[in-house]
Undergrad: 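Please read through the structure below; I'll follow up with questions.
For clarity, every value in this text was computed on a predicted model and none was experimentally measured. Order of the sequence lines fixes the chain letters, A, B, ..., with proteins taken first and strands second; residue numbering starts at 1 for each chain.
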Protein chains: 2
Amino acid sequence: MADSVVLDPVDLHLLRLLQNDARTTYRDLADQVGVAPSTCLDRVTRLRRAGVILGHRLELDPARLGRGLQALLSVQVRPHRRELVGPFVERIRALPESRTVFHLTGPDDYLVHVAVADMADLQRLVLDGFTSRPEVARVETRLIFQQWDCGPLLPPSPPATP
Amino acid sequence: MADSVVLDPVDLHLLRLLQNDARTTYRDLADQVGVAPSTCLDRVTRLRRAGVILGHRLELDPARLGRGLQALLSVQVRPHRRELVGPFVERIRALPESRTVFHLTGPDDYLVHVAVADMADLQRLVLDGFTSRPEVARVETRLIFQQWDCGPLLPPSPPATP
DNA sequence: TATGAAAAATACTCTAT
DNA sequence: ATAGAGTATTTTTCATA
């Protein structure tokens with residue numbers, strides 16, 4: 001499963017446009033891609049069914065929601081066994097401050113992206129949500145000065161047309 | 001700027017629903033929130049204008065796009081001066097493998113989330129896109145085993161109703 | 001500021017090529 | 001697989017409370 005899907009230039013064009021604005025109408029998509037609106041609908045439906053499109057998410061500004069401070073927490077869980085790790089991840093995911101949890105290779109097992117109100121809030125979160133737990137061996141906190149999203153996600157090595 | 005916005009329970013309910021599925025119709029939103037569809041439209045438009053809602057993004061499956069391997073690259077840029085750092089960030093953002101770039105506190109200045117086809121592709125990216133550059137002093141690569149998105153982003157300390 | 005109904009635009013279905 | 005016409009929904013506007 002999770003096999004790579006073959007995408008033609010029309011699919012790629014649609015995905016590029018929709019990653020920029022997922023609410024672009026099929027008529028506008030059709031105009032920009034150069035096919036009929038019904039074809040766009042058909043392609044997008046197929047991409048959804050193929051699992052390429054997972055969903056439509058709202059992008060919010062954490063600062064406007066009173067979460068102006070973001071940080072990455074590197075967490076070492078010891079011992080690193082399934083019985084401890086499963087509940088740990090679920091507990092961290094359930095914290096309202098958590099945005100994303102990564103399970104990584106290397107000495108720091110988990111990286112948790114969090115959004116908090118201010119430094120006092122971050123301190124409270126690290127102490128109460130992380131270091132106070134017996135399975136958490138070490139937490140390293142790095143603040144996020146700034147964050148940039150990059151270009152659209154596309155397949156590697158775009159078909160060179162010679 | 002980036003001041004926190006006052007959100008009432010209707011706004012919060014709408015944001016929770018839309019974070020789950022950003023294509024929920026105003027009619028469905030109205031049914032679930034208990035206000036008229038036109039009110040939902042009005043609220044959402046206002047949240048957009050207030051900068052709370054930044055956009056509607058398509059969530060894609062990197063594996064289905066032939067990018068089954070993801071990694072986090074910790075990058076030290078030396079010397080850490082504006083003249084070097086600005087172009088560095090722009091160059092990294094322009095790489096098709098890059099997903100997000102973080103500027104962080106701590107010894108590793110930047111963290112770059114990348115999606116590649118396989119290990120050979122990652123090696124090529126690290127060598128050609130990072131370590132070959134004179135401003136890049138050090139790169140540490142950590143692979144992502146798994147990644148979990150967390151609950152909806154909401155304001156801190158939801159109004160306790162005693 | 002919220003509403004409900006009218007108007008405009010869009011999504012979606014279906015048939016033919 | 002694509003397009004075009006037709007139907008059902010939805011979005012959006014607007015007068016009113």
Side-chain angles (χ1 to χ4, degrees), chain A residues 3-61 64-66 152-155 157-162, chain B residues 3-61 64-66 152 154-155 158-159 161:
Chain A
D3 273 330
S4 169
V5 174
V6 178
L7 303 168
D8 70 11
V10 172
D11 293 321
L12 293 176
H13 200 165
L14 290 170
L15 289 178
R16 258 199 306 275
L17 293 169
L18 287 170
Q19 279 181 82
N20 191 267
D21 178 4
R23 283 200 335 174
T24 311
T25 65
Y26 291 115
R27 202 169 62 86
D28 287 347
L29 290 174
D31 287 346
Q32 293 179 67
V33 175
V35 295
S38 53
T39 302
C40 290
L41 174 65
D42 189 56
R43 293 300 190 108
V44 172
T45 305
R46 215 175 310 173
L47 289 169
R48 269 188 154 279
R49 271 206 270 270
V52 175
I53 295 175
L54 294 173
H56 298 248
R57 292 292 169 80
L58 209 63
E59 194 193 3
L60 301 180
D61 184 346
R64 297 296 168 107
L65 288 168
L153 184 66
L154 293 171
S157 51
T161 48
Chain B
D3 273 330
S4 170
V5 174
V6 178
L7 302 168
D8 71 11
V10 172
D11 292 321
L12 292 176
H13 201 166
L14 289 171
L15 289 178
R16 257 200 307 274
L17 293 169
L18 287 170
Q19 279 182 84
N20 191 265
D21 178 5
R23 285 201 327 178
T24 311
T25 66
Y26 292 115
R27 201 170 63 86
D28 287 348
L29 291 174
D31 287 345
Q32 293 179 67
V33 175
V35 295
S38 52
T39 303
C40 291
L41 173 65
D42 190 56
R43 293 301 190 106
V44 172
T45 306
R46 217 175 308 172
L47 289 168
R48 271 188 152 279
R49 272 206 270 269
V52 176
I53 296 175
L54 295 172
H56 298 247
R57 294 293 160 78
L58 208 63
E59 193 193 5
L60 302 180
D61 184 345
R64 296 296 167 109
L65 288 168
L154 292 171
T161 47

Undergrad: If pairs are Watson-Crick or G-U with both distances under 3.5 Å, what is the dot-bracket string of DNA chain D, marking crossing pairs with [ ] and pairs to another strand with |?
TA: ||||||||||.||||||
Undergrad: Might you point out which heavy atoms bring B:V33 and B:L14 nearest each other, and give the distance in Å?
TA: CG2-CD2, 3.7 Å
Undergrad: Which pairs with one or both residues in residues 4-14 of chain A pass salt bridge (Lys or Arg N to Asp or Glu O under 4.0 Å), sequence neighbours excluded?
TA: A:D8-A:R43, A:D11-A:R43
Undergrad: For B:Y26, check side chain to side chain donor-acceptor pair (under 3.5 Å) against everything at least two apart and list the hits.
TA: A:R23
Undergrad: Rounded to the nearest 0.5 Å, what separates atom OG1 in A:T39 from atom CG in A:L29?
TA: 11.5 Å
Undergrad: Measuring only between side-chain heavy atoms, which start at C-beta, is B:L65 closer than 4.5 Å to A:L153?
TA: yes
Undergrad: Do A:T45 and A:D42 come within less than 4.5 Å of each other through their side chains, counting heavy atoms only?
TA: no
Undergrad: Can you check whether B:L60 reaches B:R64 side chain to side chain, under 4.5 Å on heavy atoms?
TA: no
Undergrad: Taking CG from A:L47 and C1' from D:dA1, how many angstroms apart are they, rounded to a whole number?
TA: 14 Å
Undergrad: Would you indicate whether the side-chain heavy atoms of B:L7 and B:L154 approach each other to under 4.5 Å?
TA: no
Undergrad: Under the rule for side chain to side chain donor-acceptor pair (under 3.5 Å), what residues qualify as partners of A:N20, not counting sequence neighbours?
TA: none
Undergrad: Quick one: does B:L58's side chain get under 4.5 Å of A:L15's, heavy atoms only?
TA: yes
Undergrad: Tell me, for nucleotides 11-17 of chain D in 5' to 3' order, what letter each nucleotide earns: B for a base near a protein heavy atom under 4.0 Å, S for only sugar-phosphate near one, - for neither?
TA: SBB----
Undergrad: Under 4.0 Å from a heavy atom of chain A: give me the 5'-most and 3'-most nucleotides of DNA chain C that qualify.
TA: C:dT10 to C:dT13
Undergrad: Taking atom C1' of D:dT2 as reference, at what distance in whole Å does atom CG of A:D8 sit?
TA: 12 Å
Undergrad: Output yes when at least one side-chain N/O atom of A:T39 is less than 4.0 Å from OP1 or OP2 of D:dA1, else no.
TA: no
